[in-house]
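Here's the structure, in structure tokens; my notes come after.
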Amino acid sequence: METPENNRGYESAEKIILRWDSTASEEGRERMIFGTDRQEADVYLQAVDEIQRTLSSASISDCSHNVDADDQLKVNTTIQIAMARLEDEFRNILIIHTSALEIDSLFDSSTSFSSSTPTHHELEDDEDCISDDSGSSRNNLLQLHHCESSDSSTYRTSSSIREVDLMPAEAICDLQAIAMRMIAAGYLRECIQVYGSVRKSSVDSSFRKLGIEKLSIGDVQRLEWEALEGKIRRWIRAARVCVRILFASEKKLCEQIFDCVGTDIDDACFMETVKGPAIQLFNFAEAISISRRSPEKLFKILDLHDALMELLPDIEAVFDSKSSDSIRFQAAEILSRLAEAARGILSEFENAVLREPSRVPVPGGTIHPLTRYVMNYISLISDYKQTLIDLIMSKPSTGSRYSGDPSTPDMEFTELEGKTPLALHLIWIIVVLQFNLDGKSKPYRDVSLAHLFMMNNVHYIVQKVKGSPELREMTGDNCLRKLTGKFRQAATSYQRATWVSVLYCLRDEGLHVSGSFSSGVSKTVLRERFKTFNAMFEEVHRTQSMWLIPDGQLREELRISISEKLLPAYRSFLGRFRSQIESGKHPENYIKYSAEDLETAVLDFFEGYPAS
């Protein structure tokens, strides 16, 4: 076997290697081989191949003790110089062909090509979150377009994944050629490290443009919820881009460069590049999934759950190797935790509605803030019907059917056969709300006002159910009929409590007297009747004009109902007994109102401010 001194091919190759030694050659320091003449690059690669052949031959000869130690050292030194140079060339090619991605294109492609439905309540694009990094970017605007030939296409599609070509074909060929020689010479680790450091910087730059901050789980949990809501919206948009385009394209680039040089090397380079950014991306969602639960967080948690559920097949496709198991497992675990958080929040919300402690009567018997909050909340819940139907698998725990607990309402499930667990939870929340409102009506000293309060609040519940097709469908017509019956019963109870005693003044009983000297109507009793009626009506008018029925139609219906009972009774009484009063002294002290006056006065009722 020839030694390096007797091998002309080796000597020629060694000269080429040393010529480009940046530690000893000015030319090697000032120029890059792959940035100049194409022929120069090919010649250098051939020289490296020759050195590697010599090294391989020397290794075989060394086993037979035919190679001098100095010759072996010389070959090793030459290959080290060559590998150091190739490492620099590898890094340089990666750097000059790495440029900031055009984020607007990424968002547009992620949205327009997505086969999935956007999450609920996702707001318009937050342009604020996209920083301007154009100063450091090169003129490489990402162009996404279809090509007829699959070989020349700039992206490959699978499901909703869009793989963008991150580098030109010539650069990929150069990188592949360098990688093959570095790996053959035993420089796999160095190759992966260089590749990962350059490409990770590119991914980090894209993260900044996407508005993804470097926040630890602790950082996220310390933020106020109002600040987190905006970050969640941005995260959902950014996660789609990261998984479907950014990570998928990085994976494609690794395959293009390393797939032909060894099993799993492309996976190793891919994970070296994106593992840190992927963990950073998913840590945010994980922090939300394990944060303290509260009702206002439910809908953003459901948005996160829907977004991650939508992305999970893409995550599994992009991170499909054994080395990326941890990313897949993390995403699946976060999804499970988000589902559990949503179930827990719904259960805690039910308990919060039941135990809401305020007992200070709302002025005027109007709609209680709790009623508005709860009904708006469950209307939003119904907007997430499909998600929650999949998550809510068990009936609500009502408790009192078995324990007889007077502090908890009862609900018979036998009347609700066929309802989904989610529908049962929503009906249960309404039952719990009514139960709480019953308790809140007790502090009213005026029983009429207590009934008005219940009428207002149950009517509001009915209107919210009617106004949401999803909520109405889930709760069902039977539930709606019961609610309607309850508020009508409250209206009837109000009228009885208020007007029975007033109308009692207009009865005939007790007015007629008979005796040996006279018979007919007692003017004294009649005058007292008119005076009592006047006083009672004036008191009702004074107080109930301060009461409030916010719903205009309900307010008008109740006024009409009052007038239909009050006015005929007053007209009849006045028609029968006016002459007796007017024939006596000071009739104006007793007949103070005409029927028309009463009709006008009734229009002052339930306006929420004193009558003029």
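Just so you know, these numbers come straight off a predicted model, no measurement behind them.
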(request) Say whether, by atom type as modelled, one donor and one acceptor occur between the side chain of Arg328 and the main chain of Ser321 under 3.5 angstrom. (result) yes
Using a strict threshold of under 4.0 Å (side-chain N to carboxylate O), is an ion pair present between [Y] and [X]?
{"X": "Asp165", "Y": "Lys252", "value": "yes"}
{"X": "Arg29", "Y": "Asp88", "value": "no"}
{"X": "Glu310", "Y": "Arg240", "value": "yes"}
{"X": "Arg91", "Y": "Glu87", "value": "yes"}
{"X": "Asp49", "Y": "Arg53", "value": "no"}
{"X": "Glu333", "Y": "Arg337", "value": "yes"}

(request) First locate atom CD1 of Ile183, then atom CD1 of Ile265, and finally report the distance between them rounded to the nearest 0.5 Å. (result) 4.0 Å
(request) Could you grab the distance from atom CD1 of Ile212 to atom CZ of Arg234, nearest 0.5 Å is fine? (result) 11.0 Å
(request) Describe, in one word, how the ring planes of Phe247 and Phe319 are oriented to each other, choosing from parallel (under 30°), tilted (30 to 60°) and perpendicular (over 60°). (result) perpendicular
(message) Tell me whether the rings of Phe90 and Tyr195 are parallel (<30°), tilted (30 to 60°) or perpendicular (>60°).
(response) tilted
Is there a donor in the side chain of [X] and an acceptor in the side chain of [Y], or the other way round, less than 3.5 Å apart?
{"X": "Ser323", "Y": "Asp267", "value": "no"}
{"X": "Asn376", "Y": "Ser379", "value": "no"}
{"X": "Arg85", "Y": "Ser22", "value": "no"}

(message) Looking only at the aromatic ring of each residue, does the gap between the centers of Tyr44 and Phe34 stay below 6.0 angstrom?
(response) no
(request) Take Asp204 and Ser201 through the test side-chain hydrogen bond (donor to acceptor under 3.5 Å, both in side chains) and record every step on the way to the result. (result) CA-CA 5 Å; Asp204 288 341; Ser201 295; 5.4 Å; no
(message) With a sphere of 6.0 Å drawn around CD of Glu224, does it hold more than 12 non-hydrogen atoms of other residues, nucleotides or ligands?
(response) no
(message) Surrounding NZ of Lys419 (heavy atoms of other residues, nucleotides or ligands, distance under 6.0 Å), is the total greater than 12?
(response) yes
(message) Given Lys231, which partner from the list Val220, Leu223, Ile236 fulfils the side-chain contact (heavy atoms from CB on, under 4.5 Å) test?
(response) Leu223
